[in-house]
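First the proteins, then the strands, lettered A, B, ... as listed; each starts at 1.
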Protein chains: 2
Amino acid sequence: MTMSRARKSSPSGPEADAALKTDATTSIVGYRLRRAQLSVFQKFIAVFEELKLRPADYSVLVLIDDNPGRKQTEIAEVLGIKRANFVTLVHGLEQRGLVERIPSLEDKRANALHLTTAGQNFLRLAKSRHRALEDEIVTQLGGTEARALLLALLDRLI
Amino acid sequence: MTMSRARKSSPSGPEADAALKTDATTSIVGYRLRRAQLSVFQKFIAVFEELKLRPADYSVLVLIDDNPGRKQTEIAEVLGIKRANFVTLVHGLEQRGLVERIPSLEDKRANALHLTTAGQNFLRLAKSRHRALEDEIVTQLGGTEARALLLALLDRLI
DNA sequence: TATTGTTATACTCTATAACTATA
DNA sequence: TATAGTTATAGAGTATAACAATA
């Protein structure tokens, strides 16, 4: 099953080196998942770079919009972000005028997160870009059924 | 479509806070891919931690075993690893006695990569662990057809 | 005593530039 | 001039510990 142990360049001329055997590597589910995820993230980053929105920023804005008034800890935990790292992230969004940190009335330790009006408008724009991107992905996958199938399969891995 | 803007803790007692709306977030293909990939990688890391093998280490060993004598640059490129970062990785594997860097006879700049006998034995063990892990994943997914389907769908995203 | 937000810090992964020795 | 390996370095992303204010 192994290839010949020694390998010298072919004497038949300066042709390109033969392709590597990658069968075993590419059969690894985790490896293929990572490659696909990186590919999709790269597209996301390319589409969103003029908005200066990284994937994590976008998911935070979406989540705050759907759940206004929640604490930093709550939003961070749902997204799997450590609260210590979430501080910098939400601070950036606040400095851009997209998010407000309003001291909670019920718990003086906590900040209630809200989108500003500018943040809501910005999110509307970002969502339209995202819709277009998802449409591209659906086309790549071969239709909405394929997308639903993929999401269902991914769900089983979590 | 938005929830009520203001949010105060319910006056009906100290019950747990309501769950967050996560529909929009979880419908993002990239986000779901990332979550699934992280989940699979965490399992991989847990299974392989006693072997002190990270995912990248394992894929490098597999690739060298299938393509003995190749240059560092070739192995690194196939795996999407920068050659500068590959130096540290392969150095670690060499120090553990799993990989040999043999100066190429045809090109004095290059190192031909080979597994040592110890490396081959170690890889055999790692592969058996990996097979067991993949079997778990297949079970999670619901069968080999589901796995093939997932890999086919992931392929379309690259 | 526990939790919220915060700072500081460290570790991994990844990316680029520049060097050397060869080609 | 280009390439292979290397070093140094910088930037993300992520992880933990510890602190002040509050619960």
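Considering only side-chain atoms of A:Arg83, the nucleotide from C:dT14, D:dT6, D:dA18 that sits closest is D:dA18. Among the nucleotides C:dT14, C:dT4, D:dA15, the one closest to any side-chain atom of A:Ala110 is C:dT4.
At a cut-off of 3.5 angstrom, counting only N and O atoms as typed in the model, there is no donor on one side facing an acceptor on the other between the side-chain of B:Asn111 and the base of D:dA4. For C:dG5, its base never sits under 3.5 Å from the side chain of A:Arg109 at any donor and acceptor pair.
Rounding to the nearest 0.5 angstrom, the gap separating the NZ atom in B:Lys127 from the CZ atom in B:Arg124 is 9.0 Å.
Rounded to an integer number of Å, the gap from CD of B:Gln37 to P of D:dG13 is 15 Å. Atom P of nucleotide D:dA4 and atom CG of B:Leu113 are separated by 13 Å, given to the nearest angstrom. Following rounding to the nearest Å, A:Lys82 (NZ) and D:dA18 (P) show an atom-to-atom distance of 16 Å.
Hydrophobic clustering of Ile, Leu, Val, Met, Phe, Trp and Tyr side chains at less than 4.5 Å, counting indirect connections, unites A:Val47 with A:Tyr58.
Mapping B:Thr73 and B:Asn85 onto DNA chain D by nearest heavy atom places B:Thr73 closer to the 5' end of the strand. With the nearest nucleotide of DNA chain C identified for both A:Gln72 and B:Pro55, A:Gln72 has the one nearer the 5' end.
Between A:Arg34 and C:dT14 there is a side-chain N or O to OP1 or OP2 distance below 4.0 Å. Note on A:Arg101: a side-chain N or O is less than 4.0 Å away from OP1 or OP2 of C:dT6. Between B:Lys108 and C:dA21, a side-chain N or O to OP1/OP2 separation shorter than 4.0 Å is absent. Listed pair B:Arg54 / C:dC13 meets the phosphate criterion, a side-chain N or O lying under 4.0 Å from OP1 or OP2.
Of the possible polar contacts, one joining the B:Arg32 side chain to the A:Leu151 backbone as a donor-acceptor pair under 3.5 Å is found. The main-chain N or O of A:Arg156 is found under 3.5 Å from a side-chain atom of B:Gln140 such that the two form a donor-acceptor pair.
Among the atoms of the strands shown, only primed sugar atoms or phosphate atoms (P, OP1, OP2) are found under 4.0 Å from some heavy atom of A:Asp107. Within 4.0 Å of A:Ala84, counting heavy atoms only, lies at least one base atom of the nucleic acid.
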